[in-house]
Colleague: 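Just passing along the structure, written as structure tokens.
Model, not experiment: these values are computed from the prediction.
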There are 2 protein chains.
Amino acid sequence: MPKFIRIDMGAKAVKIEECPEKYAGLAGRGLTSIFVADEVKPTCHPLGKNNKLIFAPGYLTGTSAANSGRLSCGAKSPLTGGIKESNTGGTFAQRMSKMDIKALVFEGLPEGDGFYVVKVTMDGATIEEAPAEIIGMGNYEAIKVLQAKYGPKVGVAIIGPAGEMRLTAANISFADPQSNIRSAGRGGLGAVMGAKKIKAVVIDDTGAPGVTIANPEAFKDASKRFTNALTTHPVTGQALPKYGTNILINILNEAGGLPTKNFRTGRNEWANNVGGETMAAVIESRKGKTTHGCHAGCIIRCSQHYNDKDEKYLTSGFEYETIWALGANACVDDLDAIAYADREFDDVGVDSIETAVTVGVAMEAGIIPWGDAKAMLNLILEIRKGTPLGRILGSGAGALGQMYGLSRVPTVKNQAIPAYDPRAVKGVGLTYATTPMGADHTAGYAVATNILKVGGFVDPLGKEGQVELSRNLQIATAAVDSTGMCLFIAFAILDIADGFNALVEMINARYNLSLTGDDVVALGKTILKAERGFNERAGFTKAHDRLPEFFEEPCAPHNVTWDFTDEEIDEVFNF
Amino acid sequence: MPKFIRIDMGAKAVKIEECPEKYAGLAGRGLTSIFVADEVKPTCHPLGKNNKLIFAPGYLTGTSAANSGRLSCGAKSPLTGGIKESNTGGTFAQRMSKMDIKALVFEGLPEGDGFYVVKVTMDGATIEEAPAEIIGMGNYEAIKVLQAKYGPKVGVAIIGPAGEMRLTAANISFADPQSNIRSAGRGGLGAVMGAKKIKAVVIDDTGAPGVTIANPEAFKDASKRFTNALTTHPVTGQALPKYGTNILINILNEAGGLPTKNFRTGRNEWANNVGGETMAAVIESRKGKTTHGCHAGCIIRCSQHYNDKDEKYLTSGFEYETIWALGANACVDDLDAIAYADREFDDVGVDSIETAVTVGVAMEAGIIPWGDAKAMLNLILEIRKGTPLGRILGSGAGALGQMYGLSRVPTVKNQAIPAYDPRAVKGVGLTYATTPMGADHTAGYAVATNILKVGGFVDPLGKEGQVELSRNLQIATAAVDSTGMCLFIAFAILDIADGFNALVEMINARYNLSLTGDDVVALGKTILKAERGFNERAGFTKAHDRLPEFFEEPCAPHNVTWDFTDEEIDEVFNF
């Protein structure tokens, strides 16, 4: 019977229970969101004793299914004030599944200033004082200290100095198979962990029974067909393995949807200098790795090892969105500077999207000049120091905009808008506006159909078909985020019907179920409704499903505006 | 016919129109709130081009009626995100009424970085470049420069450096009859004025026709009876003239409702050191003035001139709430230090309540030690410098709480909770929770009935009768705020029926109307519904009508908690 482990940081008590009946059929985002909607008081302070943080692997995590090793983390977000699911690669989720742990739940707040390490083993969990040396330490080094203490193979979830300071852009970092860093980035869940004074969670799966498959033959067959879909599709089989997500720089620039200079235009002249093709060449010339997986069993391998000029490892999980935010949006024409920034974000423990967009807003405020790579790096280092400026930067774009009296602040529900201009890629604009997560491209990645022509084609510049596109993708995504699958598998299963069927069949074979495609859609809807219900009780209304008014300005080169009416936007969640 | 003057800062154009029909029967808060609800897009950015700032005198402003010289200022608040009416003394309102100007409306945003002065005369209004020397200058000196340029008798509305920086605690300051400073303090309206690049509005009433009274005899009779009520009542006739509002320090301390150390307890040992009786003795010993009016015709005269040790003028309008926030809540046992802080708040142009509460939150964060007067003064000076720390402080308690990861942050709708503990003075707690203004004691001052036994008595520690008390006071206040009367007249008219009748009769005599007491109640309800309607369209729900969860802690000495259910709170606006 799968275990539910509750760690009460207030009482310093651990409770191991059977998975409550009401959560029995859930996993991943479905579990974290329905749990938060059920157990967290919607009007609570996100950093107070009534918030709860939950980690949950997906339905297929721990199996041999390709790309199934993602972890969902959920809580009330201190950045948005709404519900949050943030998911990540690394080794944590697979260990949990193999140990038959359905969820780790962190509750309450301890007295005092000390930080703790929560250690999870087959015997349960213990709460230990954190080693003094790792307090204030960056994540790269702190993971090494913890793996030296708890064993080189333990999984680690950790907060950096930003999480210790409870900054609203703080993320939770997870050691990946090389002990590098993967992040549950968005929404400030690191601040929730910091408020609970949990510096790290280490998980040791020694003695774990592993995952049981109800119908191994059916699983094997489906798994093979699923893998085939991933390797066959041009996005998951070729583009992402070769160039990573940064392949998108030139594609979006060409499409006129690459937000430039804090969302002033959708195209610029220097994009290619920091684009995926350039990056792949740099990586190869410095003997890095152009392709690499964030968790065991990943076959898309969109990550990389980006080395510095001395061929020393600098960063991985070096994503398009981060490179865009500093490269195009902050006008920094220097891939190495961006890579150093990305490493610093991972090490200090902040969401690289939120913080990089905030850098652009800092330039808007005149704190540093547009495009000044050196000033940008110095600015980012303020976060680690905990200076007032660093705290503003680590609190996200909305906070910096408020402190500097700006109205050109690209956020929805106080979360920074990512790398696709909503005027020129209108489908994803609807996702930004309406997802319960705050501006988040991954919640309904209409870029796929608007730009990449995956799952059909909907003209990115027009309004027609966008409401249905965003709605359907949000529903599908909520379901995919429950499987433990990397979201990128969606490229393949949107186009290859047998891939989708194989995914459902793997779940059925794992649990001896007979779900259909309709059940998957129903699950997605249930999750979204629970999330939206939480947000409504927390005080969100349709008025929060709006983009900032500066998107009324035309966006070059297509000179398109954000022209959806409120009524049209509100149709996205009419299901 | 009363004039409506619209100053479009975008087009640099002035439009003088007859008062639109829909606003004809309105004045003061009734006019500003119904105007904002009607003309401002609820989801607009408060610092963007779609917000509008309106100044409006009350029904009786400009007449000889005692205490009728208050001005209402309205806009969408950058602090709360909701509707805001903030009102002030000074000389501005009376000039407007005498010039037959019903409202000044500031719209749009200019291009460029330059600041402007709007000059209002009987010929209309002009937009002029602001003198370069006053940019970045404190309000005391800048008012002198403007009165040297535009004439010693002009009325002045001005923003300080905080408003120029568009900080969300920035206020609008108004020259009083001695060219000292009165403020439309709460809700950040100075940031709205700063966004519109209006450094100051000067008003020259040379040639003004003055106010016409339809029925002079009836007015004279009613006015006399009204004055009699004010001078007869012990609060308005004795306590406030003698000690000012700071008389409340010892009263609230005795009642156990004086929030101490960031709302940890309701009583402390040092309160009397900064109390009203002590303050009056200090003022007298330094040859200041213990009693003084904020506008011509005030007979309550609760203001004062507080001099420094060298008998030099330091500050006036030195209110209980500011003295409480630094004295009890930040544990600063030094009245002179608090007076210097109050002067600095006025000079730099920030709401003294918001900012002084923020100082307590800064101590909670460990930025400076509790009770350290010198550190407090140095901290406050950061605002003027525009440093990151100063910007955080000038952005209010909620902002500082976010940047420093705190959950003990006393705000409602992101506006700081003032000087009465809601657990020990439960009626005002309901007002904090439910008023559309964000935490604001003046919106429904249940302290009167809970503590001062004005308008009857409702036990401050119990729940019984509080919902009706807060509701009725909020309705009455919305109406009183429309008359141009100082809110303190309410003490007298709540207890003395003829005083209330006389107030209604003055309005009738002024305009040749036949309003009754019921009409006044109906007006109050109409205003509150308009305000709440705006907030609902801006995204507010009942979930925003809640106090921070730390008020679940018991408050000494009575060990009372905030124990209203959500359903009980929601009854306040059930009318």
Colleague: Find the one option among R546(B), H544(B), Q402(B) whose heavy-atom pairs under 4.5 Å with chain A are most numerous.
Modeller: Q402(B)

Colleague: Is there a side-chain contact between S395(B) and Y404(A), using heavy atoms and a 4.5 Å cut-off?
Modeller: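 No, their side chains stay 4.5 Å or more apart.
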
Colleague: Who among P548(B), G539(B), A538(B) has the most heavy-atom pairs with chain A under 4.5 Å?
Modeller: G539(B)

Colleague: Would you mind telling me which of D545(A), T43(A), L406(A) has the largest number of heavy-atom pairs within less than 4.5 Å of chain B?
Modeller: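 Most pairs with chain B among the choices: L406(A).
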
Colleague: Heavy-atom pairs under 4.5 Å with chain A: which of S407(B), A543(B), P42(B) has the most?
Modeller: S407(B)

Colleague: So for R408(B), is it side chain, backbone, both, or neither that comes closer than 4.5 Å to the heavy atoms of chain A?
Modeller: neither

Colleague: Non-hydrogen atoms of chain B under 4.5 Å away: do they reach the side chain of M403(A), the backbone, both or neither?
Modeller: both

Colleague: Less than 4.5 Å to any heavy atom of chain A: does that hold for the side chain of L167(B), its backbone, both, or neither?
Modeller: side chain

Colleague: Between E536(A), K49(A), R391(A), which has the largest tally of heavy atom pairs under 4.5 Å with chain B?
Modeller: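 If we count pairs closer than 4.5 Å to chain B, R391(A) comes out on top.
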
Colleague: Under 4.5 Å from any heavy atom of chain A, what part of A191(B) do you find: side chain, backbone, both or neither?
Modeller: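 Neither part, no heavy atoms under 4.5 Å.
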
Colleague: So which part of F550(B) gets closer than 4.5 Å to some heavy atom of chain A, the side chain, the backbone, both or neither?
Modeller: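 Neither the backbone nor the side chain of F550(B) comes within 4.5 Å of chain A.
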
Colleague: Using non-hydrogen atoms only, which part of K542(B) is less than 4.5 Å away from chain A: side chain, backbone, both, or neither?
Modeller: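 For K542(B), no heavy atom lies under 4.5 Å from chain A.
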
Colleague: When you measure from the side chain of E549(A) to the backbone of H45(B), do you find a donor-acceptor pair of N or O atoms at a distance under 3.5 Å?
Modeller: yes

Colleague: Of all of I392(B), D566(B), V409(B), I367(B), which one pairs up most often with chain A through heavy atoms under 4.5 Å apart?
Modeller: I392(B)

Colleague: Name the region of L109(A), side chain, backbone, both or neither, that has any atom closer than 4.5 Å to a heavy atom of chain B.
Modeller: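 Answer is neither: L109(A) stays 4.5 Å or more from chain B.
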
Colleague: For E552(B), which atoms come within 4.5 Å of any heavy atom of chain A: side chain, backbone, both, or neither?
Modeller: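 Side chain only.
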
